[in-house]
Amino acid sequence: MLQQTRVAAVIEYYQRFLKKFPNVQKLAAAREASVLAAWSGLGYYRRARMLHAAAKQVVKEHNSQFPSTAEELCQLSGVGRYTSAAIASIAFNQPVAVVDGNVERVIQRLLGKNLADETIWREATNLLSTKRPGDFNQAMMELGATVCTPRQPLCLLCPVEQFCATRGEIKSDTSKVSQRKREAFYTLNRRHGNVLLTQRPRTASLMPGMWELPAVTNPNGAKVWLTLKHSITVTDYTVRVLENVALQNAEAKWISPSKLDRIPLTGLTRKILKAGRFLQ
DNA sequence: TAACCGTGGAA
DNA sequence: TTTCCAAGGTT
């Protein structure tokens, strides 16, 4: 959950997820739709599918016991260089260093700029406390998150300021992809307290198989019930929600509000249904 | 290798 | 208001 996602955004999901899937066997035995529903709104849904697959791997290939070395953990789906080292060091006290966005920035500034990835990992490994690798790794990340911040780092508070080559020089920003702006229309159709939803194609690259309100291509004349802003990847949407627009050849299903929390909704759909009091 | 994948909050 | 970017991994 923490991959490219802030701790603050994760905590609530994490607690709810563990309540629903309290151990690796329960997660492995769950339906994918159920896992995605618990992930709904968190984004990067491939992580949920990968985690589900990894749970099955642990159950089948490791007798439901988590492997304890970074090398073995790295074989699990969705677990890469960072995540395997984080689990191995924090959960199993293995002497392996992590490099996340924070650590990368800290080391770049400490040693100077333009270090290759391999160099950063090597330096992180050199610095690592082999006695308390988990605490060291978390301290490095926390230093980057709270002191050695991307903009206006707090060098006066930095415990390693005297060793720093750059004293918080701004990290050279890479290519910036400007956000595109678009307008999108959806319709909120109610009948007997139910709401009409459609499923995104399973072959879609973006949020495959997730459920959302039916899109409206030709909104002329329809009354706008709600307008809101929503950003998805590189596009800033102005979303206008209409009411009871007749659908044309769209596969849609009437969903009862009581079932909504078991359906993988997109974050935007979740937002709209909350505004309409279909969801808490 | 670089593009792609969601969302929300801070600056 | 806009911009930036998070406890990255996969293809």
Side-chain angles (χ1 to χ4, degrees), chain A residues 1-14 36 38-54 57 70 73-91 96-108 116-118 120-121 124 133-146 148-154 170-182 184 200 203-212 228-239 264-272 274:
Chain A
M1 286 180 173
L2 287 169
Q3 290 169 356
Q4 289 287 283
T5 306
R6 292 176 203 279
V7 174
V10 162
I11 291 175
E12 201 177 319
Y13 280 90
Y14 175 75
L36 285 171
W39 206 274
S40 167
L42 196 53
Y44 283 143
Y45 298 100
R46 188 166 51 189
R47 295 179 300 177
R49 303 176 201 273
M50 294 273 182
L51 181 60
H52 190 207
Q57 279 181 274
L73 287 160
C74 216
Q75 301 303 311
L76 299 175
S77 79
V79 176
R81 198 172 184 181
Y82 163 80
T83 305
S84 58
I87 297 172
S89 63
I90 296 171
V96 283
V98 303
V99 173
D100 73 334
N102 292 306
V103 176
E104 180 178 342
R105 184 172 57 254
V106 168
I107 291 182
Q108 296 264 29
D117 272 7
E118 282 313 314
I120 297 175
W121 278 90
D135 287 341
F136 176 87
N137 283 331
Q138 294 189 69
M140 285 288 280
M141 294 188 280
E142 196 69 6
L143 181 65
T146 62
C148 195
T149 52
R151 290 169 288 190
Q152 293 190 299
L154 308 175
I170 308 292
K171 185 182 173 187
S172 60
D173 54 348
T174 53
S175 63
K176 54 176 180 182
V177 182
S178 61
Q179 294 287 107
R180 290 188 308 178
K181 296 178 194 307
R182 286 192 58 184
R200 296 177 61 79
T203 55
S205 65
L206 189 68
M207 299 179 279
M210 305 287 286
W211 291 78
E212 59 188 0
L228 51 86
K229 302 281 187 184
H230 189 76
S231 300
I232 297 179
T233 61
V234 296
T235 307
D236 290 335
Y237 288 96
T238 298
V239 178
L265 305 170
T266 68
L268 170 59
T269 305
R270 182 163 291 281
K271 233 191 236 183
I272 296 169
K274 277 183 185 174

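To find a chain, count down the sequence lines: A is the first, B the second, and so on, and within it residues start at 1.
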### Query
Going by distance alone, is a donor N or O of one side chain under 3.5 Å from an acceptor N or O of the other, for Ser40(A) and Arg270(A)?
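A donor-acceptor contact under 3.5 Å links the two side chains.
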
### Task
Verify whether one side chain among Thr266(A) and Arg200(A) offers a donor that lies under 3.5 Å from an acceptor in the other.
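Not at all, the side chains of Thr266(A) and Arg200(A) share no donor-acceptor pair under 3.5 Å.
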
Rounded distance (Å) that lies between atom [atom2] of [N] and atom [atom1] of [X]:
X: Tyr44(A); N: dC5(C); atom1: OH; atom2: P; answer: 13 Å
X: Leu2(A); N: dT7(B); atom1: CG; atom2: C1'; answer: 14 Å
X: Glu212(A); N: dG6(B); atom1: CD; atom2: P; answer: 12 Å
X: Asp236(A); N: dT7(B); atom1: CG; atom2: P; answer: 13 Å
X: Tyr45(A); N: dT10(C); atom1: OH; atom2: C1'; answer: 18 Å
X: Leu51(A); N: dG9(C); atom1: CG; atom2: P; answer: 13 Å
X: Arg46(A); N: dG6(B); atom1: CZ; atom2: P; answer: 8 Å
X: Leu206(A); N: dG6(B); atom1: CG; atom2: P; answer: 5 Å

### Task
Answer whether the closest heavy-atom distance between the side chains of Thr269(A) and Trp211(A) falls below 4.5 Å.
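Side-chain contact under 4.5 Å: no.
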
### Query
Lys229(A) and Asp236(A): side-chain contact (heavy atoms from CB on, under 4.5 Å), yes or no, with the steps?
CA-CA 7 Å; Lys229(A) 302 281 187 184; Asp236(A) 290 335; over 6 Å; no

Looking only at atom [atom1], what distance separates [N] and [M], rounded to whole Å?
N: dA11(B); M: dA7(C); atom1: P; answer: 13 Å
N: dC5(C); M: dC4(B); atom1: C1'; answer: 16 Å
N: dG6(B); M: dT11(C); atom1: P; answer: 14 Å

Check every atom of [options] against the side chain of [X] and return the nucleotide holding the closest atom.
X: Gln3(A); options: dT10(C), dC5(B), dG9(C); result: dG9(C)
X: Lys181(A); options: dT7(B), dT2(C), dC4(C); result: dT2(C)
X: Arg105(A); options: dG6(B), dA7(C), dA6(C); result: dA6(C)

### Query
Could a donor-acceptor pair under 3.5 angstrom be found where the side chain of Thr5(A) meets the base of dG6(B)?
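Result: at least one qualifying N/O pair found.
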
Would you classify [X] as touching base, sugar-phosphate or nothing, given that sugar-phosphate means primed atoms plus P, OP1 and OP2, and contacts are heavy atoms under 4.0 Å?
X: Asn102(A); answer: sugar-phosphate
X: Gly41(A); answer: sugar-phosphate
X: Met1(A); answer: nothing

Please state whether the phosphate of [N], meaning OP1 or OP2, lies under 4.0 angstrom from any side-chain nitrogen or oxygen of [X].
X: Arg47(A); N: dT10(C); result: no
X: Gln4(A); N: dG8(C); result: yes
X: His230(A); N: dG6(B); result: no
X: Lys271(A); N: dG8(B); result: yes

#### Entry: Rounded distance (nearest 0.5 Å) linking atom CG of Leu268(A) with atom CE of Met210(A)
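If we round to the nearest 0.5 Å, Leu268(A):CG and Met210(A):CE are 11.5 Å apart.
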
#### Entry: Residue whose nearest DNA chain C nucleotide is more 5′ - Val99(A) or Arg6(A)
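Residue closer to the 5' terminus by nearest nucleotide: Arg6(A).
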
#### Entry: Non-hydrogen atoms of Asn102(A) and Gly144(A) that approach each other most closely
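Scanning both residues, the minimum pair turns out to be OD1-C, 3.5 Å.
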
